[in-house]
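Below is one structure; the comments refer to it alone.
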Number of protein chains: 2
Amino acid sequence: MRLTRAGEYGIRCVRHLAIHGQGKLVSRKEIASRTEVPPHFLAKIAQQLARAGIIEILQGANGGYRLLNDPAKITLLAVIEAIIGEISLNDCVGRPESCRDSALCTVHRVWNKANQQLRATLQEADFATLAREDACCLTSFP
Amino acid sequence: MRLTRAGEYGIRCVRHLAIHGQGKLVSRKEIASRTEVPPHFLAKIAQQLARAGIIEILQGANGGYRLLNDPAKITLLAVIEAIIGEISLNDCVGRPESCRDSALCTVHRVWNKANQQLRATLQEADFATLAREDACCLTSFP
DNA sequence: TCTATATAAGACTAAAAACATCTTATATGT
DNA sequence: ACATATAAGATGTTTTTAGTCTTATATAGA
Ligand code: SF4
Ligand code: SF4
């Protein structure tokens, strides 16, 4: 697992939208500026979020992005994995066939357990809760 | 966090030594061949393990590596962090100053919790247990 | 309809990190 | 002395990440 910048930026984007509420349209420009993400980079990330069904993208003048679902239903895990793919702490967790005999390896089992635990923790965090308690200067009003 | 190949190789090396027991000298050549690690790469990794006080390196003819401590005292976490540095799932976990206001960020708190949990899980795994139960073809006798 | 403004999509580039090898030096047993 | 082993770090290759640029398309409003 490795949270790339793209992953971190994706989280910031969804968090910013969550603070504004489900369905509220926010321009890419505003999101990019408030979350300190390069606008063109945000565009690519937004496309991944859109493909994952997390946000909707509106083109044209006064276009922008908006959350498709209730922030309470959107988990940190879903956003992260929409950007960087399924979390895998070691190669053999996601692709057991990558190591000759992962079936018998005790280290492999530790990684599997740790991976499962990590994903569970990230799944418990929803954006309604994250946004409600958040006072981070990056995304807070005004 | 990202388990690099170097990290994975370091674990394999210590596991192979643990199977042979504390203090038992094993040549780099044998370790490299049995764990399928490029010999020169293993040399660099071994140096990191030695600096961390996990193994001892003996030079000269019939040289090699050996575990300094009881495998039961060596944790997966210690070995990993000797190679890749302290585990940090997101940049702001290890370096809070890298983000403007991590003190107020709720996402930051989730990362901190997940990071702590992960390190705890990896600390619970010791190499005596790992080696005893292990039947992986990479390292098992003969 | 025309124009200004917005994003779509993917090509392209630069920088960084990962992965590995090579070279020269040093240590040790015979 | 010599064969064999690792030390240490320079060097090189490949892959990934991070970011930018270009051309196309969609929409609101004059
Ligand atoms: S040796 Fe075990 S932990 Fe390492 S890659 Fe293979 S299965 Fe995974
Ligand atoms: S916004 Fe929060 S989670 Fe993201 S880098 Fe900053 S402190 Fe960390």
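Residue numbering restarts at 1 for every chain, and letters A, B, ... go by the order of the sequence lines.
Enclosure of atom CD in Q116(B) is not indicated, since only 12 or fewer non-hydrogen atoms of other residues, nucleotides or ligands lie within 6.0 angstrom.
Between G60(A) and F41(A), the residue anchored nearer the 5' end of DNA chain D, judged by the nucleotide with its closest heavy atom, is F41(A). If A61(B) and R2(B) are placed on DNA chain C by their nearest nucleotide, the residue sitting closer to the 5' end is R2(B).
Separating the CG atom of L58(A) from the P atom of dA6(C) is a distance of 14 Å, rounded to the nearest angstrom. One interatomic measurement links the two molecules: CD of Q47(B) to P of dA8(D), which rounds to 5 Å at whole-angstrom precision. E36(B) has its CD atom 12 Å from the P atom of dA20(C), to the nearest Å. Distance, L42(A) CG to dA9(C) C1': 15 Å, rounded to whole Å. Note: CG (L25(A)) to P (dT27(D)) measures 13 Å, nearest angstrom. Across the protein-nucleic acid pair, H40(B) atom NE2 and dT24(C) atom P stand 13 Å apart, rounded to whole Å. In this entry the distance linking CD1 of I57(A) with P of dT5(C) reads 21 Å, nearest Å. As rounded to whole Å, 14 Å separates atom C1' of dA26(D) from atom CZ of R28(A).
The base of dG19(D) sits with one of its N or O atoms less than 3.5 Å from a complementary donor or acceptor on the side chain of K44(A).
Phosphate contact (OP1/OP2 of dT17(D), side-chain N/O of R5(A), threshold under 4.0 Å): absent. Residue Y9(A) places at least one side-chain N or O under 4.0 Å from the OP1 or OP2 atom of dG19(D).
Taking every heavy atom of both residues into account, E36(A) and R12(A) meet most closely at O-NH1, 3.8 Å.
Side chains of E124(A) and T75(A): a donor-acceptor N/O pair is absent below 3.5 angstrom, by distance only.
Checking I11(B), L67(B), D70(B), L17(B) one by one against F127(B), the side-chain contact (heavy atoms from CB on, under 4.5 Å) holds for a single residue, I11(B).
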